[in-house]
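Keep in mind that the numbers below use all heavy atoms, side chains included, and drop hydrogens, waters and symmetry copies. In this text the structure is predicted, and so the values were computed from the model without any measurement.
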Amino acid sequence: MLSTMNQISKPKQARSLLKRDALLRAGELEFETHGYEGATSKSIAQRAGVATGSFYQHFANKDELLLEIASNRMTLLQENLPEDTVLFL
């Protein structure tokens, strides 16, 4: 699973960034609604309003998408903690 991380480069064009963001939001909703096993790349792409092929231009698989969602949430959490908070990760 981790071997696929970072093999697909992050987009630079605005339209592609919007698709990636839409896929991330759709992934969060699909995982929340259907669980990890019930969510598929196709269902995530459909919810995001993009073709399934677009999913694979941005993520190798749903594992990679979930890891990025988790990383984004951890970053958001860390950015919003008081400065003197110690995290045990």
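In terms of modelled atom types and a separation under 3.5 Å, the side chain of S71 and the main chain of L67 share no donor-acceptor contact. Judged purely by atom type and a 3.5 angstrom limit, T33 uses its side chain to pair as donor or acceptor with the backbone of L29. Side-chain atoms of S16 never come within 3.5 Å of backbone atoms of Q13 as a donor-acceptor pair (strictly under, hydrogens ignored).
The salt bridge (charged side-chain N to carboxylate O under 4.0 Å, His left out) contacts involving residues 21-34 comprise E28-R73, E30-R47, where partners must be two or more places apart or lie in separate chains. Residue pairs meeting the salt bridge (charged side-chain N to carboxylate O under 4.0 Å, His left out) criterion with at least one partner in residues 48-62, sequence neighbours excluded, do not occur; the list is empty.
Every side chain to side chain contact (heavy atoms under 4.5 Å, CB included) that S41 has, sequence neighbours left out, goes to T52, F55, Y56.
A 4.5 Å side-chain heavy-atom check between K42 and Q46 finds at least one atom pair inside the cut-off.
Of all the heavy atoms in L23 and I44, the pair that sits closest is O-CG2, 3.7 Å. Here the shortest heavy-atom pairing between R20 and H58 reads NH1-O, 3.0 Å. Annotation for A51 and A45: closest pair O-CB, 3.8 Å, computed over non-hydrogen atoms.
Atom-to-atom distance recorded for N80:CG and T75:OG1 is 11.0 Å, nearest 0.5 angstrom. The distance from atom CG of L24 to atom CG of L66, rounded to the nearest 0.5 Å, is 10.5 Å.
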